[in-house]
Each structure stands twice: as structure tokens, then as C-alpha cells.
Amino acid sequence: MQSNLSFPKGFLWGGAAAANQFEGAYNEDGKGLSIQDIMPHGVVGAPTVAPTLDNLKLVGIDFYHRYQEDIALFAEMGFKIFRTSIAWSRIYPNGDDAEPNEAGLQFYDDMIDALAKQGIQVMLTLSHYETPLNLAQKYNGWTDRRLIALFERYVRTVFNRYKGKVQYYLTFNEINSIFHFPLMSAGILTPLADLSKQDLYQAIHHELVASALAVKLCHEIDPQAQIGNMILGLPSYPLTSNPDDVIAAMLKDRESLLFADVQVRGHYPAYAARFLREENVQLEIAPDDEAILRNTVDFVSFSYYMSACESKSGGEEAVGNLLLGKKNPYLKASEWGWQIDPQGLRYILNYFYDRYQKPLFIVENGLGAIDQLVDDGQGGKTVADDYRIDYMNDHLVQVAEAIADGVDLLGYTSWGCIDMVSASTAEMKKRYGFIYVDRNNDGSGTLDRYKKKSFDWYKAVIASNGQSLKD
Ligand code: BGP
């Protein structure tokens, strides 16, 4: 039988990160605070009033000062593309400033130039869980329509500044996570339990309009760049063949598809009217909004870590990547309880491609695990992360299957290609990288970098364009 391990020529292999999780330098060179600076425990626990020393994100892995060294390591692995985000609060420290912060703009200029020098293309997320803190405190984040104009000002500055130098943009990271984590996702300080459905859906509408405006501006200002949406991809399987469970899975998926449907098709899907009616929400839609929403994305991007089951009744709750569901008795889970399902990636790639017929991009995937730094026998140190290699190999084999199925896939950026602070639990112990960073949960460590076993493994995958994977 012929192998299905065939990736298209020019497939964009790479890695992904987010400013708030790895840059550090949280108050340097004019940067303002972001919501992450008051979330020392991620989505667990209440936010603090001001930054506290136990918040690992304030230092991150100090990418801000070490980006040259890190980018050289990415180049050594053969990365074709690197995805990171721009911290809005580096460019507009308070989010509503009249003028941008030149030092912040300069940092990303330097970073982008360093990537270009190594022949690595750039993908920038415009908003990755790092709303400027002032916008949360003064406006309650995206519940306030004024954020659309403030975001427009910010992205216009970004597109004008980096015009011709950035190949791919994403608008909002995992935009569908707002349903569960309104602070991290949308800068909304009202606790979820007290947030009215009216405010929640209004915030969603504002983000969707802002996302479409970013698409419009990107096309006008920097037409050679492509811009996509980004959703948290977590397919729901019916827990049993009971039709009640099938409908429960369909409804659960719509919580995510709602966003992509608007961003890809340019209007709200038919089923949205029922959502809103049943939640007693009367969306305030400004006269131009519908026309703005018609600015649709060039490609569809998503994160994928796991799948979950849905059931109308019964089933054990699973833990997982921000969106939850029920445990699947057929799957094993990671040390953090995330259910490992490589075939779910093939499934979701086909699902999205069938639904949208737009090029897709996997912009996050990987295994968060506890790593042990050990002697490599040659005077250095390494991590024997065979579990990570197995996880990634199995997922990439399913990616190849999806490509064989006919899916048009632009690339794959593995999450946390260098260890960084985790998003949901804000810890260092949960590591995803090919590169180990010496920093611990208590903040100790030299910040030195070490290549894990997976470093050479990924390098071989990229060099062979997937041929080195084990079917
Ligand atoms: C996604 C986020 C990332 C990221 C990743 C892994 O939800 O977009 O920012 O960190 O998941 O999650 P965690 O870091 O919580 O393990």
C-alpha cells in the first residue's frame, strides 16, 4: 500500500507562541499592563489588583531580551514560519492612547527582521489573551462598543508599520473561549457567573465586527499579507448513539462554529437567531456592521489538542483545553487530563474544509508534559521526551491523512515550540517545547536553553517534509 505521508511542497512547518506567555519585560520600554499581569494563576482563581511577584508571566522566558538566540534555534530546526502575537499594550500601553509607543513598535520590527534574516516567515496574532488592562478596567473589555475603534487604531498602526514584512495575520486567538473565560478571552472583568447573556453576546458581536474590520484594513493596507481567524478546535463526539447525544454534540459544536461561520461566510448563521431568542438577547447591531462583517477571512486557523464527548445526560466530566466536555472511554489523557485523540485532528480538518472550502492552518498543537532535564552523556543536558515525539508523530500522521483526503492545508505551527508559561494554569511545569528553558514554578532558574530529543526529531520531520514520520 502506498504511504499517505505526503505533505505539499512549500508546506509551512513551524512553531507558535504568544507574547504574554514568553516575552516577559512586562513593564519595559513603555509597555502598559495587560490583563495577564493580574492573572497569576491563569484562569484559575480571581485576578489580583496589581501585578504580583508570583506571576511567572512578568518575566516569562525573557524572549524580549533573548529573541536572537531563540530565533537562531528555530532556524536550526528548519522552521519555515514562526507564529507569535503582538502585545497590544506594547504598542498602545493603555489601549486608548492617541499615539503609539515607538519602542514597542521597534521591538517587533527587530524581531521580524531577525526572523526574515533566517528565512523564517512571520505569522502575527493581533489579540492573544492580552487585552490592555486599562481597557478591562475602564470599559469592561469587549462588552463596550468603543473597543472596536480602539482595536481599529491599533491594527491600522500594525499593518502600516509592518507592511510587506508579515506574511500571515490572525485576528483573535481562540475567539470562542469567551463563553467560558471572558476575562482572558475578552478583557471582561465581570465574573462569568454575574455576566448577563446580553453583555456576553454583545461582546462577541463587537469582537466579530472588529475582526472583520481588521480583515478589511489588512486587505487595504497590506494586500500581500493573508489574514485568518483562529478558533479553539475541540470536536464534540456524541457519547452514545442515542440521538439525544447526537443533538447535544451538534449544539456544543455550534458554540464554536458560530464564530467561524460569521468570520468565513460574512453573516450570522441561521441557528444564531434561535440562540439569541432563547437567551433573551437583543443584539445591538449598528448600521454599518453587516457590511463590515462581509469582509471574510482568507484562511481558517485553529488550535487542536483534544476532543471531548457530549451527552444530554450522563458521562463523566473531562478536563481540558478551556472548552470542556465528557470523558471518552476510548482515549487516554495527558498528565493534565487532556484527552489525546490524533484522529480527532483528521476529523476536524475534514469537517472545517467541507464546511468552509477555505485553506486551513493548524496554528497550535502539542503535548503539555512534565520534563526532566538530564545529562546528555556529552557534557551537556537534554530531555528524553519520547512521549512528546510520539504525540506529535501520531498527530502529524493524521494530518497527512487529512491532506490525502483532499484538505487544503497551508501549514502546522506546533504550540510552545520553546517552553513558556502555560495559559490556563500559568505554570512553567507544563512544557510543550522542543527547547527546554531552565525556569521553575517558583520562579527560580537560569533561563538557559537546552535542546530536547524532540528538537532533532522535528528538525528531521521538517527536512524530510514529513517523510521521516512513522506511519
Ligand atoms: C491555547 C492557547 C495558548 C496555549 C495553549 C496550551 O488555549 O491559545 O495560549 O497556551 O492553549 O494551553 P496551556 O498553556 O494552558 O497548556
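Remember, it's 1-based here, ligands and their atoms both numbered in the order they're listed. Because the structure is a prediction, the values reported are computed rather than measured. Below, all heavy atoms of this structure are taken into account, side chains as well, without hydrogens, waters or symmetry copies.
In Asn173, the part holding a heavy atom less than 4.0 Å from any atom of ligand 1 is the side chain. The part of Tyr432 lying near ligand 1 is the side chain, judged by heavy-atom distances below 4.0 Å. Only the side chain of Trp338 comes within 4.0 Å of ligand 1, judged by heavy-atom distances. Counting heavy atoms under 4.0 Å from ligand 1, residue Ala18 does not touch it at all.
Under a 4.0 Å heavy-atom criterion, His128 is in contact with ligand 1. At least one heavy atom of Tyr305 lies less than 4.0 angstrom from ligand 1.
Look at Asp144 and Lys138 and you find no salt bridge, because none of the NZ, NE, NH1 or NH2 atoms lies under 4.0 Å from a carboxylate O.
Close approach of ligand 1 to Ser424 (heavy-atom distance below 4.0 Å) involves ligand atoms 13 (P), 15 (O).
No side-chain donor-acceptor contact under 3.5 Å links Tyr351 and Asp253.
Residue-environment remark: CD1 (Ile370) exceeds the threshold of 12 foreign heavy atoms within 6.0 Å. Within a 6.0 Å sphere centred on CD of Glu152, heavy atoms belonging to other residues, nucleotides or ligands number more than 12.
Using bins of under 30°, 30° to 60° and over 60° for the plane-to-plane angle, the ring pair Tyr391/His395 lands in the parallel bin.
In this structure, Arg90 satisfies the cation-pi test against Phe107, with its NZ or CZ atom closer than 6.0 Å to the six-membered ring centre and inside 45 degrees of the ring normal.
Considering both main-chain and side-chain atoms, Ser422 never comes within under 3.5 Å of ligand 1 through any nitrogen or oxygen pair.
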